[in-house]
Amino acid sequence: MYSPIVMDHFKNPRNVGELEDADGLGTVGNPVCGDMMNVYIKVKDDRIDDVKFKTFGCGAAIAVSSMITEMAKGKTVAEAMKITNADVAEALGGLPKNKLHCSNLGADALQGAIQNYFDRRAGKVAPTTEAEDHHPEKGGKCYCPFCEMEMKGEAEFCVGCGTELPHEH
C-alpha cells in the first residue's frame, strides 16, 4: 500500500522536533482525520537553514512532514515556497488516494511557516510559539493553541482537535 520511501520516512523520520528560536512557524490541521502539523523554519541569507516538524497523525502524515523538511532544507525561501503537494507525493513515490490530503497538509504547513516568516519581517505579527494558549483578552481562560477550543480543567489532549497539549496548560 505504501512505497518504500514512505515507509522509510515513517519509520525513520528526519528533522523531528521544534526550533525554539524559529523565524517562522506554520501550523495546519485536518479535523476530519485528526492530523496536526507544525513546521518550524530558521532562515539564513534567504535560505532555509534549518527546518523541523512536530506531527500528530498517521504514518503518511509523519512521512509527509519528514519529506517536506528534507525538500525545503537548503533551498531559498522562494524555492521552498513553490513546493507543492504534488511534489511531496511524487518525492515519496506516491501516496494512496485516501492519504493524498496529507501531502496538502505538509505543503500548507511549510508555506504557512514561510508566510509567518515574511509577516514577522514586515512587522505584521509578533513572534509566536505554539504554546501560547492563555488569552487574558478572553477572560483569562485557557484555549487550545491549535483549534482555539476552550479547555476546561487539566487535559492531556484537546477534545476538539485531538492535539497533545503543552504541559503548562
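Hydrogens, waters and symmetry mates are skipped; everything else that's a heavy atom, side chains included, is used.
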Value rounded to 0.5 Å, distance of [atom1] in [X] from [atom2] in [Y]:
X	Y	atom1	atom2	answer
D119	N116	CG	CG	6.5 Å
R120	L25	CZ	CG	6.5 Å
S3	L95	OG	CG	7.0 Å
M37	D108	CE	CG	9.5 Å
I83	L110	CD1	CG	5.5 Å

Exercise for the section: Considering non-hydrogen atoms only, spot the tightest contact between L92 and V6 and give its length. Expected result: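 Minimum heavy-atom separation between L92 and V6: O-CG2, 3.4 Å.
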Exercise for the section: Take F53 and N38 through the side chain to side chain contact (heavy atoms under 4.5 Å, CB included) test and state the conclusion after the steps. Expected result: CA-CA 5 Å; F53 78 90; N38 293 317; over 6 Å; no
Please tabulate, one pair per line, all N/O donor-acceptor pairs under 3.5 Å involving side-chain atoms of residues 55-76, not counting sequence neighbours.
from, atom 1, to, atom 2, distance (Å)
T55, OG1, S65, OG, 2.6
S65, OG, A61, O, 2.9
S66, OG, H9, ND1, 2.6
S66, OG, R14, N, 2.9
T69, OG1, N15, ND2, 2.8
T69, OG1, S66, O, 2.6
E70, OE2, N15, ND2, 2.9
K73, NZ, N15, OD1, 2.8
K75, NZ, M71, O, 3.2
T76, OG1, E79, N, 3.0
T76, OG1, E79, OE1, 3.4

Handout entry: Residues in salt bridge (Lys or Arg N to Asp or Glu O under 4.0 Å) contact with K42, at least two apart in sequence or another chain
Key =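 Checked K42 against salt bridge (Lys or Arg N to Asp or Glu O under 4.0 Å); matches are D21, D23.
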Exercise for the section: Tell me, with the steps shown, if N85 and V88 meet side chain to side chain contact (heavy atoms under 4.5 Å, CB included). Expected result: CA-CA 5 Å; N85 58 335; V88 178; 5.7 Å; no
Handout entry: Side-chain touch Q111/V28, heavy atoms, less than 4.5 angstrom
Key =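 Contact flag for Q111/V28 side chains = no.
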